[in-house]
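To start, the structure itself, in C-alpha cells.
Nothing here was measured: the structure is a model prediction, and the numbers come from that model.
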Amino acid sequence: MKNIGILFLIAILFLAGSCNTSSDDEVLPDLTQYVDPFIGTGFHGHTFPGPTRPYALVQLSPDTHMMGWDASSGYHYEDSVIYAFSHTHLSGTGIGDLGDVALLPYSGSHGIKPVATFRKETEKASPGYYSVKLDNFGVKVELTSTNRVGFHKYTFDDASDRRVMLDLGHVLQPNWGHSITGNEYLLVNDSIIEGTIKSRGWAHDHSVSYRIVFSEPIETLYQYMDGTLRDDSLFLRVNSAQDLKFHYKFFDSDQPLYVKVTISPVNTDGAERNLITELPHWDFEAVRYQSEQIWNEELNRIQIETTDPAIRKNFYTALYHTMIAPYAYQDADGRYLGMDKRVRMAEPGYTNYSVFSLWDTFRALHPLMTIIKPDLAAEWGNVLVQGYKEGTILPKWPLASNYTGCMVGYPAVSVLADLVAKELHTGDLSLWTEAGVRSSVYREDLAEKFKGTRELDLITMHPYYKEKYGYVPADKVPESVSWGLEMAYYDWCISLLAEQAGLDSIAAAYREKAGYYKRYLDPETKMMRGVMADGSFRIPFNPRYSSHMESDYTEGNAFQWSFFVPHDMDNFIAEIGGSKELEARLDTLFTTSSQIDGENASGDITGLIGQYAHGNEPSHHMAYLYNWTGSPWKGQEYIDYILREFYLPAPEGIIGNEDCGQMSAWYVMSALGFYQVCPGDPVYTIGRPIVDRARIPVAGGTFEIVINNNSPENRYVRQVTLNGKRLDTPFFTHKDIVAGGTLIFDMSNIPSK
C-alpha cells in the first residue's frame, strides 16, 4: 500500500508540475503563501478557514459558533471551542445554513456530545489545508479535500482511546429555525457508513447524502437517539427524524486514523461514485499537495507586484475568497438536483452550480470573472437560465436547489445582460429574454406553488405594484425605494437582452420601465424617497433613518440608496441639476455625520465614511461616481482610504459580511485601478490602484497594468495611457482588456482633473 501511495504521489507531482506552468514553460510562482484563510473570520466577515477547492461542493471546516449572526459560516475567530468538523458551509453570508455531516475525534468519556477546546497558536490554515490540536482530547486534526470528498487525518496522543463522534443532529443556527427533518443511516460494514440527512432552514428542503469510510475497522459502536443509548446490532439501519449521534471506538494503535467523507446532492449511490472517482487512495499528503497546486494555478490568473506585504496578502486572500462560491452542485457522474427538485442528468459540458448570492455579486464578482475566467462566467449564465427552465423563474439566492428568495428584485438579469454586452453568451437570447420578463412580474402561480414554504419569499408584491402604478407604494410594502430603484436597473438589463434578441417591442417597453426610478427622486432634497399610494412623498423624512426589513430601504437609508441609477447616469445627473450638484451630494454623503437613526437600524450598515457604508453592497460604486464630476480626485482619495483601512491582513480585516466574494471582488478590481459601475454596460472607470504592476492572461495575450510613481502619498492619478494613447476620460472598455495591451497609471501627490 505504501508503494502504491508513493507512485501515486509521484504521478500527482508530475501532473501538477506539467499543468502548472506558464506558456513559456516557467514554473508559476507560489501565490498560495500569501493567502490567509483566517482573514474575514473575525468581526462580521463570516468567512471560514477550512479547506476547499475552487467552487467545490465540499467546504470542510471547524464549527465553533452554532447560534446567532456570527454563526453564518459556523466559525468565528474569537471562539475557543470546536463542536464538530462539518462538510458544507457558506462563505461570508448574513444568514447561516448547512453544516452537514459533522465529525469530531476525541479521547476519554465526555458524554453524548463532546466539545473540543483548542488554542489559537495550534491552528493553521492555507488553501486546501487546515490543522488544529484539540487540547482537551489530545488529538491533532488535519483536513484537506477534493471537490466532493473531505479527507481527515486524526493523530491521537492516547493510542489506546481513539474515538470519533458522528453527529447527525448537528445544524448551524438552530435558534433561527434550522432543524433536522429526517435521517437515513446505514452501517454498511465495520468501516463504512452511509446515509442521507434532511434539514429545513434557510433552504426549505435540503437533502445531502454521504458515505464515510474509515481507514480502520470500528471496534465498538455506541448509538444515541434523542440522548438515549440504544443497544442494537453492529449492522445497523436507522430511519428517523430524531437527534442521532454515533460514537465509534477504534482498536489501539499509534498510527493516524484517516477518514474520507464524500457527499452527494442526489443519493448515497452518487456519494459512493464520487468517492471512487475522486479519492480511491489514502494518500493524505498527495491530496493536500494537489489542492495547493490547483489553488496556485487559479491565483496566478492575476500576478501582481507590490513592495507592501499587507497589500499582497490582502489581494491574494481576496482573490481566494472570490473562488469559493458559487459551487458545483452536481455529482461526478453528471447527476444533480434541479430547481424543480427533480434528479437530472447534465448535458455534456454542463455543470450545475448553487449558492449565487446575486444581489451582492452582480456588482463586482461576476464582472471580475468575465475578465479572469470568462468561460466560467458564461457557464454561470447558462446555469441561471437552466434554473429558469426547471423552475419557471430565474434563481435568486439559490441554495441546494431551493429558492431562498433573498434580497431585492431579480438580479440574475444583470449577470445575463453583462455576458451579452461582453459577447460571452452562448444561449438562445429569446429564451434569456423570456426568463427575464417572466421573472420581472408578480407570479400568482408560484405564490400558490410555494405557499407554506420558505421559497414563498421569492414572490413579493413589489413587481405587482411596479407594473400597476409605475412605482412601489411605500405604505403597501416595505423596502419600496430599494426595490423600485433596482427593478428600474434590472428592467434596463432586460431591455438589453430583448434588443439583442431582436424583440423590439419588449425592448422598448422595458426601456420605459428603466426610467421608473425618477418617481422616487425628490426634487427638493435630491434624494430617493418613499412614495405613498396617493402619490405623495412619505413624511416625515429622515435620510439617516434605518429600520431593518421595515423601512423604505433595504439594509440602509436614503443616503445609501440615493445614488443607484447605474444605467442612466447622464439623465440622473440632469434630473438632480448637473454634475456640480452630483459632486455636492457626494461630498455630503462622505463628510456628513455617521450617525444612523432608528432603534432597529440594520446591522449591515458598517464601514462608514460619513453615510457611505462600505460594509454593504449598495454603496460599493459610489466613490467611483466622482468620475462623472469635475473632481475625480475626490473619489481616488476615498478609494485609497477604503483599500487601506477597510481591508486588513487580520481576522477582523473585512469591514462587513464578505458575501460570497463580493467584498473581495471589490478589493481585487479596485486594487488594480478600475471598476465597472454598471454591469450590462461593458465600460470600466478608473480609480486609485495600489499595486505596482499586474498581469492578467486574456484572450488577446496579456493585459498589463503598470503604476508609475506609486506610493501611499501619491494617491492621485495624474494621467492614464492605454497602449500608448492617453485617456481623455476616466473610462475604457471590456474589449480593451480582452484584446491585451498595457494600461499605465502615472501617480502624483497632487490632485488632478
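If you check the side chains of S86 and D63, you find a donor sitting under 3.5 Å from an acceptor. Of the N and O atoms on the side chains of Q330 and Y350, not one donor lies less than 3.5 Å from an acceptor on the other residue. Checked by atom type, the side-chain pair T88/Q59 shows no donor-acceptor distance below 3.5 Å. There is a side-chain donor-acceptor pair under 3.5 Å between N382 and T426. Using modelled atom types, one finds a donor on one side chain and an acceptor on the other under 3.5 Å when comparing S264 with D331. Side-chain atoms of H425 and Q500 include no donor-acceptor pair closer than 3.5 Å. Side-chain N/O atoms of T277 and N274 include no donor and acceptor closer than 3.5 Å.
The minimum heavy-atom distance between G680 and W492, with the atom names listed, is C-CH2, 3.7 Å.
A ring-ring contact (aromatic ring centres under 6.0 Å, His included) with F48 is found for exactly one of H321, H89, H65, namely H89. Of the listed residues (T196, V266, T262, I197), just one forms a side-chain contact (heavy atoms from CB on, under 4.5 Å) with S209, and that residue is T196. Residue D333 forms a salt bridge (charged side-chain N to carboxylate O under 4.0 Å, His left out) with just one option from R344, R273, R148, and that option is R273. Of the candidates I324, N657, V355, I324 is the only one forming a side-chain contact (heavy atoms from CB on, under 4.5 Å) with S91.
Aromatic pair W295/Y320: ring centres closer than 6.0 Å. Taking the six-membered ring for Trp and the full ring otherwise, W202 and H178 have centroids separated by 6.0 Å or more. The aromatic ring centres of W380 and Y55 sit less than 6.0 Å apart. Note: Y336 and Y329 fail the aromatic proximity criterion, with ring centroids not under 6.0 Å apart. Centroid-to-centroid, the aromatic rings of Y489 and F564 come within less than 6.0 Å.
Using a 4.5 Å heavy-atom threshold, the side chains of V188 and I193 count as separate. Annotation: side chain of P395 is in contact with side chain of L384 (closest heavy-atom distance under 4.5 Å). Within the 4.5 Å cutoff, the side chain of D552 has no heavy atoms near those of the P478 side chain. Between E658 and T93, the closest side-chain pair of non-hydrogen atoms is not below 4.5 Å. Put simply, the side chain of L337 reaches to within 4.5 Å of the side chain of V343, judged on heavy atoms. A heavy-atom distance below 4.5 Å is not found between the side chains of R438 and I393. Under the 4.5 Å side-chain criterion, counting only non-hydrogen atoms from C-beta, Q173 is in contact with S72. Between V437 and L497 the shortest side-chain heavy-atom distance does not fall below 4.5 Å.
Surrounding NZ of K341 are more than 12 heavy atoms belonging to other residues, nucleotides or ligands, all under 6.0 Å away. Remark: M67 CE is loosely packed, at most 12 non-hydrogen atoms of other residues, nucleotides or ligands lying under 6.0 Å away. Atom NZ of K373 has more than 12 neighbouring heavy atoms from other residues, nucleotides or ligands inside a 6.0 Å radius. In the displayed structure, F450 atom CZ is contacted under 6.0 Å by more than 12 heavy atoms of other residues, nucleotides or ligands.
Classification of the Y185-F246 ring pair by plane angle, with boundaries at 30° and 60°, yields parallel. H46 and H44 have perpendicular rings, their planes meeting at more than 60° on a 0 to 90° scale where under 30° would count as parallel. The aromatic rings of Y517 and H567 sit perpendicular to each other, their planes meeting at more than 60°, with 30° as the lower class boundary.
Annotation: cation-pi geometry satisfied between R363 and W359 (NZ/CZ under 6.0 angstrom from ring centroid, within 45° of ring axis). Both tests hold for K513 against Y510: distance to the six-membered ring centre under 6.0 Å, angle to the ring axis within 45°.
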Audit row: K198, D205, salt bridge (charged side-chain N to carboxylate O under 4.0 Å, His left out) steps and yes/no: CA-CA 7 Å; K198 296 182 179 181; D205 185 11; over 6 Å; no
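The pair K260-E278 does not meet the salt-bridge criterion, since no charged nitrogen lies less than 4.0 angstrom from a carboxylate oxygen. A salt bridge does not link D445 to K449: none of the charged side-chain nitrogens sits closer than 4.0 Å to a carboxylate oxygen.
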